[in-house]
Participant: 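Below is a structure I'd like to ask you about.
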Amino acid sequence: MTDLSQIVKAYDVRGVVPDQWDEPLAELFGAAFAQVTGATAIVTGHDMRPSSPGLSRAFARGAAARGADVTEIGLCSTDQLYYASGALDLPGAMFTASHNPAQYNGIKMCRAGAAPVGQDTGLAEIRALVEQWRDGDGPEPAAAPGTVTQRDVLADYAAHLRRLVDLSGIRRLKVVVDAGNGMGGHTVPTVFEGLPIDLDALYFELDGTFPNHEANPLDPANIVDLQARVREVGADIGLAFDGDADRCFVVDGSGDPVSPSAITALVAARELAKHPGGTVIHNCITSWSVPEVVKENGGTPVRTRVGHSFIKGEMARTGAIFGGEHSAHYYFRDFWNADTGMLAALHVLAALGGQEGPLSELVAQYDRYAASGEINSTVDDQTGRLAAVRTAYEGRPGTGLDELDGLTVSTADWWFNLRPSNTEPLLRLNVEARDQETVERVRDEVLEIVRG
């Protein structure tokens with residue numbers, strides 16, 4: 001019997017199907033979700049993985065048995081599910097394992113208005129109920145079971161995004177999009193329809209076995225085809241979406257990757273032009289350039305921990321207009337504080353098409369520092385290795401330390417963050433400095449302690 005701690009993560013459920021979880025367990029999760037949220041109605045959606053339709057239907061059965069009316073929107077991206085949760089004001093459940101391999105699946109859950117469900121906001125209660133019912137007699141059916149109906153919201157989702165970003169007056173752009181056989185192949189054609197865009201589509205066929213490459217653009221190996229295609233056809237820009245299409249990665253007209261921190265800064269500047277004086281959230285491993293650009297544009301930057309639930313929580317607490325992460329998650333107040341890679345992509349297209357220069361010139365003003373990227377080290381003792389690094393740096397003149405998320409060490413010329421993975425025996429290192437030579441020096445110094 002699966003230990004649910006193996007599949008219930010910080011803010012979602014995720015594991016191998018059917019080895020770790022299956023449709024009967026999904027049905028229990030549906031019943032528990034309805035009970036914990038107290039919802040009389042919910043909305044569900046799913047990605048293109050072979051196991052997703054069955055798991056989603058089982059979840060709907062469980063919720064309906066507890067008296068909740070279920071609206072199924074079927075195939076969708078995760079941000080399309082968030083749209084439905086916000087527009088319909090219903091709690092929602094999305095069946096996807098995002099960028100993970102084909103044998104995985106999971107559930108991302110939210111309350112009405114796309115508000116997050118994390119360990120401290122309902123997920124622990126849902127897990128406890130599922131364990132209780134699985135090991136006992138199961139949930140009591142409601143006196144009046146709910147209904148299950150279908151609804152297509154794709155066109156409404158696309159129209160909402162296009163109301164938020166005006167692309168009608170941009171110059172015509174040639175855009176390559178790599179959907180990685182994921183849900184971008186479902187959403188991009190509708191969102192881009194009628195825009196001044198010549199779309200070159202890569203891997204738009206929905207296929208949850210991912211026959212071309214993993215739908216994880218964070219791994220450089222998975223954007224090689226996109227880079228080559230952009231160069232081959234002379235495109236203005238390339239976009240890569242992950243499996244559930246809630247994250248978007250960008251390459252410029254030369255096929256070079258654009259840092260998600262630079263995209264965060266660019267979008268922040270645009271959002272601040274609409275909402276002067278607003279607050280912008282950034283996590284502790286985004287570039288120095290992000291808070292700099294926010295301040296230069298009259299906004300207030302707020303630094304927070306890495307992770308979906310922390311960003312959403314700070315968005316709600318501060319009334320922030322926008323938030324961005326190094327992992328290419330972008331959060332918008334105008335999108336119920338939820339993350340949507342598609343809306344970020346529209347902002348980039350609008351900025352690019354609103355001037356004549358190439359994307360590389362446009363983003364240069366936002367990409368100001370050298371960076372290492374994220375470097376993972378497998379360790380036996382995360383706490384001990386972190387403490388060793390802290391000891392090595394504390395007390396050095398001109399050096400600051402904080403432990404908002406792992407350990408951040410900073411000087412006037414460089415900073416690094418070292419934080420433990422919540423799910424694997426890893427320490428994750430990010431280094432940024434004013435030049436590449438310093439990045440390499442600091443990186444090597446920290447890794448010698450971590451791995452030595």
Side-chain angles (χ1 to χ4, degrees), residues 76-77 79-80 82-83 86-87 153-179 183-202 204 226 229-230 233-241 245-253 258 260 262-276 278 280 293 297 321-324 328-336 338-366:
C76 64
S77 61
D79 66 325
Q80 188 182 335
Y82 291 150
Y83 164 78
V153 301
L154 178 58
D156 294 337
Y157 154 82
H160 178 74
L161 293 180
R162 288 165 55 163
R163 281 193 295 270
L164 297 176
V165 182
D166 182 12
L167 290 100
S168 60
I170 67 170
R171 63 184 169 93
R172 195 157 195 89
L173 298 174
K174 189 169 187 63
V175 182
V176 180
V177 177
D178 184 344
M183 292 312 303
H186 179 69
T187 56
V188 168
T190 301
V191 175
F192 283 16
E193 186 178 3
L195 296 177
I197 289 172
D198 296 324
L199 174 62
D200 191 318
L202 271 181
F204 270 42
L226 173 66
R229 186 66 176 169
V230 165
V233 301
D236 295 293
I237 185 174
L239 304 173
F241 290 92
D246 62 348
R247 289 188 295 157
C248 181
F249 292 77
V250 179
V251 303
D252 66 21
V258 178
I263 299 300
T264 296
L266 182 156
V267 177
R270 289 177 53 83
E271 286 289 286
L272 285 165
K274 289 197 302 181
H275 307 287
V280 173
V293 168
N297 285 271
I321 59 173
F322 174 63
H329 281 288
Y330 305 105
Y331 306 77
F332 294 83
R333 186 174 69 188
D334 291 340
F335 201 77
W336 301 279
D339 46 320
T340 164
M342 188 68 76
L343 184 52
L346 294 182
H347 272 287
V348 176
L349 293 173
L352 175 59
Q355 49 88 67
E356 292 303 318
L359 183 60
S360 56
E361 288 183 9
L362 175 63
V363 299
Q365 61 188 302
Y366 305 114

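Remember, it's a predicted structure, so these values are computed and weren't measured experimentally. When reading the values below, keep in mind they use all heavy atoms of this one structure, side chains included, and skip hydrogens, waters and symmetry mates.
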Participant: Nearest 0.5 Å please: distance from the CH2 atom of Trp336 over to the OH atom of Tyr82.
Facilitator: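 One finds 13.0 Å between CH2 of Trp336 and OH of Tyr82.
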Participant: Just wondering, do Cys76 and Tyr83 contact through their side chains at under 4.5 Å, heavy atoms?
Facilitator: no
Participant: Looking at Val230 and Gly253, what are the two nearest heavy atoms and their distance?
Facilitator: CG1-O, 3.7 Å
Participant: So which of Asp200, Asp198, Leu199 actually passes side chain to side chain contact (heavy atoms under 4.5 Å, CB included) with Val176?
Facilitator: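 Only one option passes, and that is Asp200.
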Participant: Quick one: salt bridge (charged side-chain N to carboxylate O under 4.0 Å, His left out) partners of Arg333, sequence neighbours excluded?
Facilitator: none
Participant: Can you run down the side-chain hydrogen bond (donor to acceptor under 3.5 Å, both in side chains) pairs that involve residues 353-364, sequence neighbours left out, and say none if there aren't any?
Facilitator: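 side-chain hydrogen bond (donor to acceptor under 3.5 Å, both in side chains) check on residues 353-364 returns no pairs.
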Participant: Going from CD1 on Ile170 to CD1 on Ile197, what distance comes out if it is rounded to the nearest 0.5 angstrom?
Facilitator: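 So the gap between those two atoms works out to 5.5 Å.
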Participant: Quick check: closest heavy atoms across Leu239 and Ala345, and the distance to 0.1 Å?
Facilitator: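 That closest heavy-atom pairing would be CD1-CB, 4.0 Å.
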Participant: Taking only residues two or more places apart in sequence, or in another chain, which ones meet Asp79 in a side chain to side chain donor-acceptor pair (under 3.5 Å)?
Facilitator: Ser77, Tyr157, Thr340
Participant: Is the shortest side-chain heavy-atom distance between Val250 and Val363 below 4.5 Å?
Facilitator: no
Participant: With sequence neighbours left out, write down each residue that passes side chain to side chain donor-acceptor pair (under 3.5 Å) with His347, or none if nothing qualifies.
Facilitator: Arg270, Glu271
Participant: Can you sort out the partners of Phe322 under ring pair (Phe, Tyr, Trp, His ring centres under 6.0 Å), two or more places apart, ordered by chain and number?
Facilitator: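 Phe322: ring pair (Phe, Tyr, Trp, His ring centres under 6.0 Å) contacts with Phe332.
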Participant: Any salt bridge between Arg229 and Asp178, counting N to O under 4.0 Å?
Facilitator: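 Between Asp178 and Arg229 there is no salt bridge, as every charged N stays at least 4.0 Å from the carboxylate O atoms.
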Participant: Can you tell me how far apart OH (Tyr330) and CZ (Arg247) are? Round to the nearest 0.5 Å.
Facilitator: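 Those atoms lie 10.0 Å apart.
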Participant: Rounded to the nearest 0.5 Å, what's the gap from CG on Leu349 to CG on Leu359? Could you check?
Facilitator: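 Result: 9.0 Å between the selected atoms.
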Participant: Which atom names give the shortest non-hydrogen contact between Thr187 and Gln80, and what distance separates them?
Facilitator: CG2-OE1, 3.5 Å
Participant: For the pair Asp334 and Leu343, evaluate side chain to side chain contact (heavy atoms under 4.5 Å, CB included) and give the outcome as yes or no after the intermediate values.
Facilitator: CA-CA 10 Å; Asp334 291 340; Leu343 184 52; 5.6 Å; no
Participant: For the CG atom of Asp339 and the OH atom of Tyr331, what is their distance to the nearest 0.5 Å?
Facilitator: 4.5 Å
Participant: Looking at every heavy atom in both His275 and Ile321, which two are closest together, and how far apart are they?
Facilitator: CB-CG2, 3.8 Å
Participant: Which heavy-atom pair separates Ala262 from Tyr366 by the least distance, and what is that distance?
Facilitator: O-CB, 3.7 Å
Participant: Answer yes or no: is there a side-chain heavy-atom contact under 4.5 Å between Phe249 and Leu226?
Facilitator: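 No. Closest side-chain heavy atoms not under 4.5 Å.
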Participant: So which atom in Pro260 and which in Ala328 form the shortest heavy-atom distance, rounded to 0.1 Å?
Facilitator: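 That would be CB-N, 4.0 Å.
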Participant: CG of Asp252 to CG of Leu362: how many Å apart, nearest 0.5 Å?
Facilitator: 10.5 Å
Participant: Only counting residues at least two apart or in another chain, list the ones meeting salt bridge (charged side-chain N to carboxylate O under 4.0 Å, His left out) with Asp166.
Facilitator: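 Asp166 satisfies salt bridge (charged side-chain N to carboxylate O under 4.0 Å, His left out) with no other residue.
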